[in-house]
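Residue indices begin at 1 and follow the sequence shown. When a ligand or atom number is given, it counts from 1 through the structure's own listing order.
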Amino acid sequence: MKKLAIISLTLLAGVAAAQSSNADTLKAQCRDAKVVAELWHGFQGGAPKDTLESLAVAFNKTLKGACVQPISQGSYRDLSTKLKAAFASGKVPTMAQAFENNMALYLEAGQLEDLATLGVKTNYLEKTFVRANTFDGKLYGIPFNKSVQVMYYNKDLFSKHGVKVPTTLAQFEKAARDLSKKAGSPVFWYQPDASTFGYFYFTMGGTYGDGKKLVVNDATAVKALELLVDLTKDGAAKAITNGYINNQLGSGTFGMAIDTSAGMKYWESGAKFNLGMTTTPGLKAGYPGSSVIQGTNLVVFKGAPKAEKDLAARFLAFAETPRNSAVFAMATGYVPSNTLASRQPAFQDFLKSSPNYSAVLKQARYADFEPRLEQWEQIRFDVLGKAVAEAVLGKATPKAALDRAQKQVDDLMSGRTR
Ligand code: FGO
């Protein structure tokens, strides 16, 4: 117990201290190591990358002659592209981050190690997340950085105009319209993509089909996209088409957004107003809306040498201790993977000093996964995301955009296109 406490304190200190030194420390730790377990990831900077690196540094300090080396591969999509190339060349890393749909693909390609064979345990890990990592009864990944969408809002703007923070979709629509009129510009900011669409779709009861056929153009989907399009046309919502919303907070009057909890630190540093975080508006009064579960799991590749895989299993256990899970969540905004994390005294103190974060814990009980299909990554970006963008930019009606998307989905699912 004592050793754990020391490791975690070191980790916390590592997060808070000058982050740039992490890269140097990792390089030094891995320079003479006989066993190097590469962890390919899709973090590109900020709190998520710093915290992952701090975790690896702290873990490596417990080892002799071995190390875990996190290596950024660019974005999440760059990561899956590079992994597919690695499968083709046979030079796989030891571990990587993976969305559930990526795992379906990697599993189909015969690349994932069954974690039970490495002795990986899932005691006290979030059951829903663990289930999402389980295929045909076998565990192929452990939840690491799982996020939920929450509502970020400008407390000052709401109180200036005497508008109540919405808790239902009807209130949300009215607040967006009223506040935008008062502010003289659109206050609901969103990225026109599958993630934003997913919030509205799930909250209105959408399910992307019945599990047998993938559906993106049912009546609920059309209704969800129409709401976004109408708000945009009417000057109550603004599509942010060039990157993260949190990078645009200096330009114009921001009111509210639905965005990943993993952006928490970025939002905190980008907001020049009192930032509020709360659960998403729901369909019925008294119930939060839904939210898309994003972020990734850690997987181990079958083709890596045995010594690296054993080291990976030890790292997974280290990453998932209640304390390290708590530290990771506190430093980033991700949902803790270990259910015991929130009982940590440091976590309790954190909740008192950062009450916004409690929205993340509450929202985690009202969130849904996107389909766990190997084609999903391509569909969410190149088909559904494109349809959403087309509709909000006025290039097609929501129904026409989604009908076209459905055709592309059908072709992809039946193998007519790749
Ligand atoms: C991101 C992407 C997928 C899939 C969902 C999939 C692939 C979505 C969405 C597309 O870990 P999350 O919650 O958040 C990310 C985290 C680490 O980078 O920090 C967030 N971030 C980073 C910089 C910043 O300025 N602000 C900020 O919020 C970042 O989003 O994952 C959410 C965003 C997207 O990448 O555009 O998950 N996503 N399902 N990506 N490849 N495949 O199936």
Side-chain angles (χ1 to χ4, degrees), residues 40-53 70 72-84 96-106 129 132-133 141 143-152 189-199 201-202 208 214 239-250 257-271 275 277 291-299 328-329 331-337 360 363-364 367-386 388-389:
W40 287 13
H41 65 88
F43 290 155
Q44 296 180 280
K49 180 165 179 277
D50 293 336
T51 317
L52 170 61
E53 288 177 347
S72 174
Q73 303 295 328
S75 70
Y76 285 139
R77 210 166 178 203
D78 295 335
L79 170 65
S80 64
T81 303
K82 289 187 185 171
L83 281 169
K84 282 176 244 170
Q97 286 181 319
F99 286 89
E100 293 75 17
N101 64 80
N102 296 141
M103 290 173 66
L105 184 77
Y106 305 163
F129 294 162
N133 278 278
F144 177 57
N145 56 300
K146 299 304 294 173
S147 62
V148 286
Q149 292 166 311
V150 291
M151 189 166 85
Y152 291 91
W189 294 12
Y190 67 95
Q191 287 182 283
D193 61 13
S195 304
T196 304
F197 170 80
Y199 154 66
Y201 182 56
F202 282 157
Y208 291 116
L214 180 60
I240 305 281
T241 50
N242 51 343
Y244 294 104
I245 303 168
N246 52 260
N247 289 333
Q248 314 280 323
L249 294 176
I258 304 291
D259 202 3
T260 170
S261 62
M264 184 176 79
K265 290 290 160 189
Y266 297 96
W267 277 86
E268 283 174 356
S269 55
L275 177 70
M277 282 167 72
S291 138
V292 182
I293 300 173
Q294 302 182 108
T296 57
N297 311 292
L298 292 178
V299 298
F328 193 78
T332 55
Y334 279 108
V335 180
S337 297
V360 178
Q363 187 73 58
D368 289 293
F369 286 96
E370 290 180 346
R372 200 174 65 165
L373 298 168
E374 52 186 281
Q375 298 90 342
W376 180 252
E377 185 164 270
Q378 191 180 356
I379 289 171
R380 84 182 303 290
F381 288 105
D382 303 342
V383 178
L384 184 56
K386 281 213 172 108
V388 171

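- Side chains of Ser80 and Glu377: a donor on one and an acceptor on the other come within 3.5 Å.
- Side-chain contact of Glu370 with Trp376: a donor-acceptor pair under 3.5 Å is present, judged by distance alone.
- An N or O contact shorter than 3.5 Å is missing between Asn102 and ligand 1 by distance.
- Arg380 NE, 3.2 Å is the protein heavy atom nearest to atom 39 (N) of ligand 1.
- Per-residue contacts place Asn101 under 4.0 angstrom from the following atoms of ligand 1 (heavy atoms of the residue considered): 6 (C), 43 (O).
- Put simply, the side chain of Gln73 never gets that close to the backbone of Trp40: no donor and acceptor are under 3.5 Å apart.
- Backbone and side-chain nitrogen or oxygen atoms of Asp193 are examined, and none is located within less than 3.5 angstrom of a nitrogen or oxygen of ligand 1.
- In summary, the side chains of Ser75 and Asp78 do present a donor paired with an acceptor at a separation below 3.5 Å, with no hydrogens or angles considered.
- Of the protein's heavy atoms, Glu377 OE1, 2.8 Å lies nearest to atom 41 (N) of ligand 1.
- When atom types are taken as modelled, the side chain of Arg372 and the backbone of Ala132 share a donor-acceptor pair closer than 3.5 angstrom.
- Checking side-chain atoms of Gln191 against main-chain N and O of Gly243 turns up a donor-acceptor pair under 3.5 Å.
- Just one of Phe328, Phe99, Phe43 meets the ring pair (Phe, Tyr, Trp, His ring centres under 6.0 Å) condition when paired with Phe144; it is Phe328.
- With Asp193 contributing its side chain and Gly385 its backbone, the two residues share no donor-acceptor pair below 3.5 Å.
- Considering Ala262, Gly198, Ser75, Ser261 only, the shortest heavy-atom separation from atom 14 (O) of ligand 1 involves Ala262.
- Ligand 1 has no nitrogen or oxygen under 3.5 angstrom from a nitrogen or oxygen of Gln44.
- Atom 24 (C) of ligand 1 is flagged as protein-proximal [any protein heavy atom, distance under 4.0 Å].
- Using a 4.0 Å cut-off to heavy atoms of Phe43, the atoms of ligand 1 that qualify are 17 (C).
- Note: no N/O pair closer than 3.5 Å links Tyr266 and ligand 1 by distance alone.
- Looking only at heavy atoms of the protein, atom 26 (N) of ligand 1 is closest to Asn246 OD1, 2.9 Å.
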Side chain to side chain donor-acceptor pair (under 3.5 Å) assessment of Thr51 paired with Thr332: CA-CA 8 Å; Thr51 317; Thr332 55; 5.8 Å; no
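- For the residue pair Tyr152 and Asp259, no side-chain donor N or O sits within less than 3.5 Å of a side-chain acceptor on the partner.
- Residues Asn101 and Leu373 are not in side-chain contact: their nearest non-hydrogen atoms beyond the backbone lie 4.5 Å or more apart.
- Atom 7 (C) of ligand 1 is approached by the protein to below 4.0 angstrom, counting heavy atoms only.
- The protein atom (non-hydrogen) at minimum distance from atom 28 (O) of ligand 1 is Gly263 CA, 3.2 Å.
- Looking only at distances, a side-chain donor or acceptor of Ser261 sits under 3.5 Å from a matching main-chain atom of Val148.
- Ligand 1 has Ser195 within reach: a non-hydrogen atom of the residue lies less than 4.0 Å from it.
- Between the side chain of Thr196 and the backbone N or O of Pro192, no donor-acceptor pair lies under 3.5 Å.
- Between Thr260 and ligand 1, a contact under 3.5 Å exists for at least one N or O pair.
- Under the 4.0 angstrom criterion for non-hydrogen atoms, Phe381 is in contact with ligand 1.
- Short contacts between ligand 1 and Ser147, defined as distances under 4.0 Å to a heavy atom of the residue, involve ligand atoms 12 (P), 13 (O).
- Among all non-hydrogen protein atoms, the one lying nearest atom 31 (O) of ligand 1 is Tyr76 CE1, 3.4 Å.
- Nearest protein heavy-atom contact of atom 9 (C) of ligand 1 is Gln294 OE1, 3.5 Å.
- Distance from atom 21 (N) of ligand 1 to its nearest protein heavy atom, with residue and atom name: Tyr244 CE2, 3.6 Å.
- Protein heavy atom in closest approach to atom 37 (O) of ligand 1: Phe99 CZ, 3.5 Å.
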